[in-house]
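Data block below; observations after.
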Amino acid sequence: MSKPAGPGPDSDTADEAVRGTCDDASICKRFAVSAGYWKDPYIQYFVRQAKERKAPEINRGYYARVQGVHLLLKAFLRKTECNCQIINLGAGLDTTFWRLKDENLLPKKYFEVDFPAIVARKLYNIKSKPPLSKPIMETHSGESLLLDAHSLDSARYSIIGADLRNPKDMEEKLKKMSLDPQLPTLLVTECVLVYMTPEQSASLLQWATNTFTTAMFINYEQVNMMDRFGQIMVENLQRRQCNLAGVDACQSLESQTERLLSTGWESADAWNMMKVYSNLPQEDVMRIEKLEFLDEKELLEQLLLHYCISWATKDSLGLGLAGITF
């Protein structure tokens, strides 16, 4: 789901550990969906149901993450009237393409990029499960689908296996699948940049601003990682061989926005998830808060204060992208 530092003697182990975070996130999302937090009829085709219950604070954290990213994404689709493309970088087993199709909100094209091993697994699920393959076929026109072990290209959905630490190679693969640098472009990363060195993530962000004339970047990841709670989070991941190579950019909301502004984005903002949660549609928040009794209110607050959504725009077409917020 995300891209760690490398190469080096331990980079294979590190890459494997990071690939494991993809499963964790997907299993947590599937559990929250089954508990009624939000609707996603597609996640069941990618990941098994969790063997044990997830804590209510974890479910609410994932609810805030999914709803927060989706709100900004839908705002971008509205501003561009869906005349745009979306690139989900480190997409893992994400189901956004299928859910947007159900909402009649598909962009001109939806791209996903991840480790080849994760892409191969996702493609296996797509090929073997009609509820996943049918929507791709329904939106496809023209020649037969281009499909191999690590990529699929259709009219509206493409997925490629590539390393985000090598943007040039990734760009070549995307261009073969009709990536259009002139089209307004939304790039999304969730818990991805933190596994790359600051140089690698800066290079990816710079590639995006150099490549696209009108664009938005949405990033969900850790913040406030220098305090005691943040340090415990880092230690827990390190125990699983997950090295947070990019943790320096996660010191504060200011360090998050500074990274975006220093790589060529015109405007940037960052909110911790506590603020995002309190700005989600309150009727739905009241509904989900009745689903489970929350014993550990303080733990939920700590979790929400240690994750954030940052976003940045450049707007040569004057679409009003800088005005997008919650």
Side-chain angles (χ1 to χ4, degrees), residues 1 19-51 53-54 59 62-63 65-71 73-74 77 82 84-161 174 177-178 186 188 190-191 220 284 287-288 291:
M1 184 164 169
R19 284 195 285 270
T21 66
C22 164
D23 280 347
D24 292 349
S26 304
I27 289 166
C28 287
K29 284 178 183 176
R30 169 137 192 211
F31 184 84
V33 165
S34 71
Y37 281 82
W38 70 93
K39 286 187 173 65
D40 182 348
Y42 300 101
I43 196 159
Q44 61 183 317
Y45 301 115
F46 285 118
V47 66
R48 67 187 184 280
Q49 183 58 284
K51 288 187 176 71
R53 291 188 66 79
K54 300 295 174 188
N59 296 329
Y62 272 94
Y63 168 82
R65 168 183 176 170
V66 169
Q67 301 305 112
V69 170
H70 208 58
L71 268 176
L73 184 148
K74 289 211 302 207
L77 288 168
C82 293
C84 62
Q85 59 198 355
I86 295 177
I87 310 173
N88 192 327
L89 299 166
L93 302 174
D94 187 76
T95 60
T96 302
F97 167 79
W98 290 270
R99 291 186 294 129
L100 288 177
K101 181 181 182 295
D102 284 352
E103 293 180 68
N104 247 346
L105 281 173
L106 274 186
K108 276 197 157 179
K109 192 145 187 183
Y110 191 98
F111 298 88
E112 293 185 337
V113 184
D114 213 317
F115 281 126
I118 287 177
V119 168
R121 181 175 153 199
K122 192 164 194 175
L123 284 173
Y124 174 79
N125 286 316
I126 290 170
K127 284 187 290 189
S128 60
K129 290 164 185 172
L132 298 176
S133 54
K134 258 179 69 181
I136 293 172
M137 297 308 293
E138 285 166 5
T139 57
H140 186 62
S141 53
E143 299 300 306
S144 59
L145 293 177
L146 290 172
L147 176 67
D148 61 32
H150 296 119
S151 65
L152 178 154
D153 187 29
S154 72
R156 305 294 288 277
Y157 173 80
S158 290
I159 181 170
I160 61 161
L174 287 169
M177 299 190 169
S178 312
L186 173 65
V188 182
E190 295 184 47
C191 294
Y220 169 88
D284 200 50
R287 176 190 67 80
I288 67 110
L291 292 173

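Side-chain N or O atoms of Lys122 include none that pairs as donor or acceptor with a backbone N or O of Phe46 at under 3.5 Å. Checking side-chain atoms of His140 against main-chain N and O of Ala155 turns up a donor-acceptor pair under 3.5 Å. Proximity of a side-chain donor or acceptor of Asp114 to a complementary backbone N or O of Gly92 within less than 3.5 Å is detected.
Using a 4.5 Å heavy-atom cutoff, the side chains of Tyr42 and Asn125 are not in contact. Within the 4.5 Å cutoff, no side-chain heavy atoms of Ile160 are placed close to those of Ser158. The shortest side-chain heavy-atom distance between Val113 and Leu174 falls under the 4.5 Å cut-off. Side-chain contact check for Leu105 versus Cys82: some heavy-atom pair is nearer than 4.5 Å. Taking 4.5 Å as the limit, some side-chain heavy atom of Pro107 sits within range of a side-chain heavy atom of Leu100. A 4.5 Å side-chain heavy-atom check between Val119 and Ser151 finds every atom pair outside the cut-off. Using a 4.5 Å cut-off on side-chain heavy atoms (C-beta onward), Glu103 and His70 make contact. Side-chain contact check for Leu123 versus Ile159: some heavy-atom pair is nearer than 4.5 Å.
For Arg121, the salt bridge (charged side-chain N to carboxylate O under 4.0 Å, His left out) criterion is met by Asp23, not counting sequence neighbours.
Tested against Tyr45 for a side-chain contact (heavy atoms from CB on, under 4.5 Å), the candidates Pro130, Pro131, Ser128 yield a single pass: Pro131.
When every heavy atom of Ser26 is checked against every heavy atom of Ile43, the shortest pair comes out as O-CD1, 3.6 Å. Ser154 and Leu145 make their closest contact through CB-CD2, 3.2 Å (heavy atoms, listed as atom of the first residue, atom of the second, distance). The two atoms that bring Arg287 and Gly36 nearest to each other are NH1-O, 2.8 Å, heavy atoms only.
Taking a 6.0 Å sphere around NZ of Lys134, one finds it holds 12 or fewer heavy atoms contributed by other residues, nucleotides or ligands.
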For Gln44 and Val33, run side-chain contact (heavy atoms from CB on, under 4.5 Å): C-alpha distance rounded to whole Å, both residues' side-chain angles, the deciding distance at 0.1 Å, then the answer.
CA-CA 9 Å; Gln44 61 183 317; Val33 165; over 6 Å; no

Output, in order, the C-alpha distance, side-chain angles, deciding distance and verdict of side-chain contact (heavy atoms from CB on, under 4.5 Å) for Ile86 and Leu77.
CA-CA 9 Å; Ile86 295 177; Leu77 288 168; 4.2 Å; yes

Starting from the C-alpha separation in whole Å, work towards a yes-or-no answer on side-chain contact (heavy atoms from CB on, under 4.5 Å) for Lys54 and Lys29.
CA-CA 10 Å; Lys54 300 295 174 188; Lys29 284 178 183 176; over 6 Å; no

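If you take CG on Leu89 and CZ on Phe111, they are separated by 11.5 Å, rounding to the nearest 0.5 Å. With rounding to the nearest 0.5 Å, the separation of CZ in Arg30 from CG in Leu93 is 12.0 Å. Taking NZ from Lys101 and CG from Leu106, the interatomic distance works out to 7.0 Å, rounded to the nearest 0.5 Å. Note: Thr96 OG1 to Glu190 CD = 7.0 Å, rounded to the nearest 0.5 Å. For the atom pair CD (Gln67) and OH (Tyr62), the distance works out to 14.5 Å, reported to the nearest 0.5 Å. Considering CD1 of Ile136 and CD1 of Ile126, their distance stands at 4.5 Å, rounded to 0.5 Å.
Here Tyr110 and Trp98 keep their ring centres 6.0 angstrom or further from each other.
Residue pairs meeting the salt bridge (Lys or Arg N to Asp or Glu O under 4.0 Å) criterion with at least one partner in residues 38-51, sequence neighbours excluded, are Asp40-Arg99.
One side chain, Gln49 or Ser34, offers a donor N or O that lies under 3.5 Å from an acceptor on the other.
Cation-pi check for Lys109 over Tyr157 is not met; the charged atom does not lie both under 6.0 angstrom from the ring centroid and within 45 degrees of its normal.
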